[in-house]
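Every chain is numbered from 1 and lettered A, B, ... according to where its sequence line falls, protein lines coming before strand lines.
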Amino acid sequence: MPELPEVETVRTGLESLILHTAIRAVDIRRDSCVRLLPGGASEFAAETLGLQVTEAARRGKFLWLTLADLADPGRPVTSLSAHLGMSGQFRVHDGAWTDAPEPHRHCRARLSLERADGAQLTLDFLDQRTFGYLHAEPFVATVDGRVAGQGTVHPLLPVSVAHIGRDALDPELDPQATARAWRRGSRGVKQVLLDQTAVSGIGNIYADEALWLARLHPERPAHAVTAPQARALLDAVRAVMGDALAQGGTSFDALYVNVNGESGYFDRSLHAYGRAGEPCDRCGRPLHRAVIGGRSTHWCATCQRRWVRKPRIDAV
DNA sequence: AGTAGCACCTGATTGC
DNA sequence: TGCAATCAGGTGCTAC
């Protein structure tokens, strides 16, 4: 279940392993993994073959490799975009794909990469549940083109990424504007967190964790969240994500980019998600679970109030 | 415009 | 024992 911290771990792994390699061959083993391209596998190959990877970037759960001509690495040509869906993984093997292990059962695409010194690498895209995809697409100029990860300025975003909001860990994310956006509308605050258009990267698990930390009921209507609560919620999101990132950063080694965060993910201490019936770490009362907005949701009914009890006048 | 609901897909698990 | 129903997850589309 890759969310922001898991995807960032993957990005880091890809960056360390395949930067400055050229794409020499493409084997789309299941056409649906490039379903966003009208021309399917052949179009994907035509758009990517012969280009080199000059950057591994990310916004929210959207990941992309910037591709450029070998002779002109400074000018982005195409984005090799990827979304992991809920089960996507990348794996990197040393050596040409003729030497690489037989592709995994869930391998949807295999790319042959070549380093400047001639060494060969094999990049596999695995995806059991096939919600993920690979894509090849142009970049568009954006107004707020800063992308989290390296803190580098990106005036360009891939077309399919341009519609989502800034990354939750993006230092340039404006807390005031975020609070304003999060407090708008009638939806429950959990659904607001899962909406990637205001802030990107928050998934089902970390939404529950952040709401528990901020003591907000997942169904509290957005307009009933106060401005200080909304700002505290962003702090909670960042704390939870930051912790997860710190623990997930070691989940790949020289041979594997172990993407979906399976290692270190579930042994991370969760306070709410998946703990229905277990005692709340704060108050000891059993945690609740319900399906809200089609998603499994966990919260403490004692610590997380659905409604504000009464208006409070803060002492000066 | 804003929001709700569902399709997409596979495999593990649970229920009968 | 075998088969069917259920569940999990993120996104994007359609319909209200």
Side-chain angles (χ1 to χ4, degrees), chain A residues 1-11 28-38 40 58-64 79 81-90 103-109 125-135 137 157-165 167-168 180-211 218-225 237 240-241 244 248 259-262 265-266 268 270 272-277 289-298:
Chain A
M1 296 126 246
E3 296 188 25
L4 183 158
E6 289 74 28
V7 181
E8 173 60 13
T9 300
V10 174
R11 190 201 66 77
I28 300 300
R29 307 176 55 82
R30 186 175 169 127
D31 285 340
S32 69
C33 88
V34 289
R35 59 189 173 274
L36 267 48
L37 287 168
R58 178 188 65 79
R59 173 179 274 216
K61 302 164 209 165
F62 291 76
L63 186 68
W64 68 93
S79 169
S81 308
H83 199 291
L84 303 176
M86 68 164 280
S87 58
Q89 294 185 33
F90 282 105
H104 188 280
R105 193 156 106 82
H106 299 139
C107 181
R108 308 309 185 200
F125 176 65
L126 279 53
D127 189 16
Q128 181 208 105
R129 294 187 193 174
T130 74
F131 281 7
Y133 58 79
L134 300 181
H135 190 37
E137 59 179 342
L157 287 176
V159 170
S160 69
V161 181
H163 70 290
I164 70 167
D167 191 272
R180 229 176 295 130
W182 277 358
R183 297 178 61 214
R184 205 156 43 213
S186 59
R187 287 181 298 174
V189 62
K190 168 153 183 186
Q191 272 141 290
V192 170
L193 287 184
L194 293 179
D195 184 342
Q196 305 294 301
T197 58
V199 174
S200 61
I202 306 166
N204 196 45
I205 296 170
Y206 293 113
D208 281 5
E209 291 301 304
L211 289 168
E219 288 181 297
R220 180 175 306 192
H223 57 68
V225 175
V237 164
V240 169
M241 297 280 194
V259 199
N260 72 358
E262 50 193 279
Y265 187 76
F266 280 109
R268 185 171 309 139
L270 296 174
Y273 184 85
R275 297 197 55 210
R289 177 195 176 274
V291 174
I292 297 174
R295 311 225 92 77
S296 184
T297 301
H298 313 73

Starting from [atom2] on [N], measure out to [atom1] on [X] and report it in whole angstrom.
| X | N | atom1 | atom2 | result |
| --- | --- | --- | --- | --- |
| Asp127(A) | dA8(C) | CG | P | 19 Å |
| Arg59(A) | dT11(C) | CZ | P | 14 Å |
| Gln89(A) | dG10(C) | CD | C1' | 16 Å |
| Arg35(A) | dC13(C) | CZ | C1' | 13 Å |
| Leu36(A) | dT11(C) | CG | P | 13 Å |

Inset, instruction - Have a look at the helix from dG2(B)-dC16(C) to dC16(B)-dG2(C) and give the angle its two end axes make, five pairs each, rounded to 10 degrees. - result: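 Here the helix ends are tilted 60° relative to one another.
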
Legend entry - Parallel, tilted or perpendicular: rings of Phe90(A) and Phe125(A) (30°, 60°):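 If you compare the ring of Phe125(A) with that of Phe90(A), the planes turn out tilted.
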
Inset, instruction - Please work out which of the three classes, parallel, tilted or perpendicular, describes the rings of His106(A) and His104(A), given edges at 30° and 60°. - result: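 Rings of His104(A) and His106(A): tilted, as their planes differ by 30° to 60°.
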
Inset, instruction - Let me have a per-nucleotide readout for nucleotides 7-13 of chain B, 5' to 3', with B, S or -, counting only protein heavy atoms under 4.0 Å. - result: -BBBS--

Inset, instruction - May I ask you to list the residues of residues 185-195 of chain A, by number, that have any heavy atom positioned under 4.0 Å from an atom of DNA chain B? - result: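 Only Gly185(A), Ser186(A), Arg187(A), Gln191(A) qualify.
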
Inset, instruction - Measure the CG-NZ distance between Asn204(A) and Lys190(A) for me, rounded to the nearest 0.5 Å. - result: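 Between Asn204(A) CG and Lys190(A) NZ, I get 3.5 Å after rounding to 0.5 Å.
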
Inset, instruction - Check the side chains of Arg289(A) and Ser296(A) for a donor-acceptor pair under 3.5 angstrom, ignoring hydrogens and angles. - result: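 Arg289(A) and Ser296(A) do have a side-chain donor-acceptor pair below 3.5 Å.
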
Inset, instruction - Scan side-chain atoms only and decide if Asp167(A) and Ser200(A) contain a donor-acceptor pair under the 3.5 Å cut-off. - result: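 No, no side-chain donor-acceptor pair sits under 3.5 Å.
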
Inset, instruction - Identify, with sequence neighbours excluded, every residue that meets side-chain contact (heavy atoms from CB on, under 4.5 Å) alongside Val237(A). - result: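 Testing Val237(A) for side-chain contact (heavy atoms from CB on, under 4.5 Å), a comparison that skips the adjacent residues, returns Ala168(A), Trp182(A), Leu193(A), Ile202(A), Ala210(A), Met241(A).
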
Inset, instruction - List in chain and number order the residues that pass salt bridge (charged side-chain N to carboxylate O under 4.0 Å, His left out) with Lys61(A), two or more places apart in sequence or in another chain; answer none if no residue qualifies. - result: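 Salt bridge (charged side-chain N to carboxylate O under 4.0 Å, His left out) list for Lys61(A), sorted by chain: empty.
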
Legend entry - Salt-bridge contact Arg30(A)-Asp127(A) (side-chain N to carboxylate O under 4.0 Å):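 Salt bridge: no.
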
Phosphate-side-chain proximity, [X] and [N], N/O vs OP1/OP2 below 4.0 Å:
| X | N | result |
| --- | --- | --- |
| His83(A) | dT11(C) | yes |
| Gln196(A) | dG10(C) | no |
| His163(A) | dT11(C) | no |

Inset, instruction - Output all residues satisfying side-chain hydrogen bond (donor to acceptor under 3.5 Å, both in side chains) with Arg184(A), sequence neighbours left out; order by chain, then residue number. - result: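 Per chain and number, Arg184(A) pairs via side-chain hydrogen bond (donor to acceptor under 3.5 Å, both in side chains) with no residue.
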
Legend entry - Whether Arg187(A) side chain and Val189(A) backbone form a donor-acceptor pair below 3.5 Å: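 No, Arg187(A) side chain to Val189(A) backbone: no donor-acceptor pair under 3.5 Å.
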
Inset, instruction - Using atom types as modelled and distance alone, determine if a side-chain donor or acceptor of Gln196(A) lies under 3.5 Å from a backbone N or O of Leu194(A). - result: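 The answer is yes, because a donor-acceptor pair under 3.5 Å joins these two groups.
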
